[in-house]
Amino acid sequence: MVIANAMAEFMAPGSEVKSISVARPGFINFVLRDDWLTSQVESILWAGDSYGDINLGQRSRVQVEFVSVNPTGPLHVGHGRGGVLGSTLANVLAASGYDVEKEYYINDAGSQIDAFHRSLYARYKQAFGLAAEMPPNGYLGGYMVDLAKEIIAEQGDKFIKLPEAEALKELGQLGLEKVIAQIKADLDSLGVQFDVWFSEKSLFANGQYAKAMSILEKGGYIAQREGATWFVSTALGEDKDNVVVRGDGSPTYFASDIAYHYNKFIERKFDKVINIWGADHQGHVSRMKAVVGAMGIPPERLVVIISQMVTLRRGTELVKISKRSGDIITLREVIDEVGRDACRFFFLSRTADSQMDFDMELAKKQSADNPVYYVQYAHARIASILRLAGERGIDFSGGDVARLTTEPELALIRKALFLPEIVEVAASTLGPHHLCYYAQDLAAAFHSFYMQCRVVTDDEALTRARLKLVQAAKTVLAKTLHLMGMTAPERM
RNA sequence: GUCCCUGUAGCUCAGUAGGAUAGAGCAGCUGCCUUCUAAGCAGCGGGUCGCGCGUUCGAAUCGCGCCAGGGACGCCA
């Protein structure tokens, strides 16, 4: 308190600050001048779409890798959450001055893909009435039967005639491409796009896997034991070591991931790598960071965000999304039913850390309970005002922001000025969910203003001033929605 | 057993580096449409921040220990 008083003595109100006061137990409060505040409306309009952009990242290169589901079947809601999280985070980081690359890692090697090939081959043969058994760890979902039928419709029985090894390879490859195309299409309809689709197989073909291993070997992190090759994570404080090459000589998923991260940091030289993984990969995090450290890279340059599980419900009724049970609800079905904007908003509205109930009933509701519409409605209302002004042949040109003096007007400006700070918080905490809450706050400030201040009136000067404010609010609202990957509707 | 996440209002959840009287939506109750979209606005009620101890001038936030829910601990990915 004493210190605050002493400091306050040396500070004087200026062009931005109206008054300075000290409050217990030692806060110094600055009150902004109204004319400074209103002048910011001009700044927002001047900045336009780039309003809210900051330079936190100073163009450092960051990769965001997300979704990366094994291309062995359709996406479910949990993957949708990861997709929305990743794409929004990428938007936020780009707005924060980072050079962002979005990547999908295609697991097109390894034993699960092998099981996929065999499953597809079996379904394919069965479709011709031939006896074929599904492999023990096969994919039993109905989509495999459909996939086989689709291929038959296009290619006929040509794979029956081939020797099994060849058929497996070619049919498998074809099936894989189809599944990937489907995944791409589903994500696209959620507004999720990638810059790079990275093939796991390529790591082996181009020798990077071997390079990564030799780095670890030179560091003394590789040991031969029990017929297998191990990464000695215990040397780095881990609970246990992990197998990288099996007794039969085939590399594990962990081995691929080692090569993949070698590629990210050493070949492609990203300053920072952000991986968004599902909750089931949580145990993989610490050993991956250990690997990065073992390759001589500061482990904090690798950030793994674990996106927790999603349970689907309709009202109070739980919807099963189990893969085994067969009555799996795919992401595609949820998007079709709920719509892209609502999906994105709901996936975004929780921190990645906490498990989520996705209530399809609520997401679909076109009513006050649904925050998606609340926010978009604000934008549509502004558009409507601007349309009316247009019909009356009036716009904001020459509007004098000094005419904006009432509390609802000033409150709206204050809220609009928060966007850059929200972007900074979302980027530095890697928490895009802040956007949802901000969007609702901003919409609330607008709705309140709308109720209390009529924009288009006979007072032409005031009308022009308020049109200016409303245009600025629209800019900020649209920017916020676009960062979230949502549309800003002109009418609803 | 070890590790990760969560526990805040009746419900669903926010709460940046520890800071002022802990916030929002929904649900409940009051009011508000002759004028730019009522998918809206204004107001009221509602909380031992899971429990305990500690660090601090100050803890929902940090540390330790419990309790409860979810998840991971494979030569699967």
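Remember, predicted model here, so these are calculated numbers, not experimental data. Scope of the values below: all heavy atoms of this structure, side chains included, with no hydrogens, waters or symmetry mates.
- A distance of about 34 Å separates the C1' atoms of B/rU16 and B/rG28, rounded to the whole Å.
- For B/rA77, one of the phosphate oxygens OP1 or OP2 lies less than 4.0 angstrom from a side-chain nitrogen or oxygen of A/Ser111.
- Note on A/Ala380: a base of the nucleic acid sits closer than 4.0 angstrom, heavy atoms only.
- Side-chain proximity of A/Ser448 to B/rC76, B/rA42, B/rG15: nearest is B/rA42.
- Considering only side-chain atoms of A/Val243, the nucleotide from B/rC75, B/rG71, B/rC41 that sits closest is B/rC75.
- Looking at heavy-atom distances under 4.0 Å, A/Arg454 makes contact with a base.
- Put simply, A/Ser354 has a side-chain N or O that comes within less than 4.0 Å of OP1 or OP2 on B/rA14.
- Taking side-chain N and O atoms only, A/Arg246 has a distance below 4.0 Å to OP1 or OP2 of B/rA77.
- Side-chain N or O atoms of A/Ser448 include none that pairs as donor or acceptor with a backbone N or O of A/Ala444 at under 3.5 Å.
- A/His281 comes within 4.0 angstrom of a base, heavy atoms only.
- Put simply, the side chain of A/Asn29 and the base of B/rA20 share a donor and an acceptor less than 3.5 Å apart.
- A/Ile113 CD1 to A/Ile106 CD1: the interatomic distance, rounded to the nearest 0.5 Å, is 9.5 Å.
- One donor-acceptor pair, N or O on each side, does fall under 3.5 Å between the base of B/rC76 and the side chain of A/Gln112.
- Ring planes of A/Tyr253 and A/His281: perpendicular class, angle over 60° (limits at 30 and 60°).
- Closest to the A/Ala228 side chain, of the nucleotides B/rC75, B/rA77, B/rA14, is B/rC75.
- Phosphate contact (OP1/OP2 of B/rG15, side-chain N/O of A/His433, threshold under 4.0 Å): present.
- Contact check, A/Arg225 against B/rC75: no side-chain N or O comes under 4.0 Å of OP1 or OP2.
- Taking only side-chain nitrogens and oxygens, A/Tyr450 comes nearer than 4.0 Å to OP1 or OP2 of B/rA38.
- For the pair A/Lys240 and B/rG74, the criterion of a side-chain N or O lying under 4.0 Å from OP1 or OP2 is met.
- Residue A/Arg313 is classed as having no contact, given no heavy-atom separation below 4.0 Å to the nucleic acid.
- Side-chain proximity of A/Glu200 to the nucleotides B/rG69, B/rA14, B/rA77 is greatest for B/rA77.
- If you measure from atom OH of A/Tyr437 to atom P of B/rC13, you get 9 Å, rounded to the nearest angstrom.
- Taking syn as a glycosidic angle within 90° of 0, B/rC73 does not qualify and is anti.
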Please determine whether side chain to side chain contact (heavy atoms under 4.5 Å, CB included) holds for the pair A/Arg344 and A/Met484, giving the CA-CA distance in whole Å, both sets of side-chain angles, and the decisive distance to 0.1 Å.
CA-CA 7 Å; A/Arg344 289 196 69 106; A/Met484 291 193 281; 5.6 Å; no
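- Put simply, A/Tyr374 has a side-chain N or O that comes within less than 4.0 Å of OP1 or OP2 on B/rC41.
- The ring of A/Phe27 does not lie on top of the base of B/rG19; it is either too far (5.5 Å or more) or too tilted (30° or more).
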Given pairs defined as Watson-Crick or G-U wobble with both distances under 3.5 Å, what dot-bracket annotation applies to RNA chain B, with ( ) intrastrand, [ ] crossing, | other strand and . unpaired?
(((((((..((((.....[...)))).(((((.......))))).....(((((..]....))))))))))))....
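- Taking only side-chain atoms of A/Tyr253, from C-beta outward, the nucleotide of B/rA77, B/rA39, B/rG15 with the closest atom is B/rA77.
- Residue contacts shown for A/Thr351 are limited to sugar-phosphate atoms, with no base heavy atom under 4.0 Å away.
- Within the nucleic acid shown, A/Glu421 comes within 4.0 Å of at least one base atom, counting heavy atoms only.
- The residue A/Gln282 sits close to a base: some heavy atom pair falls under 4.0 Å.
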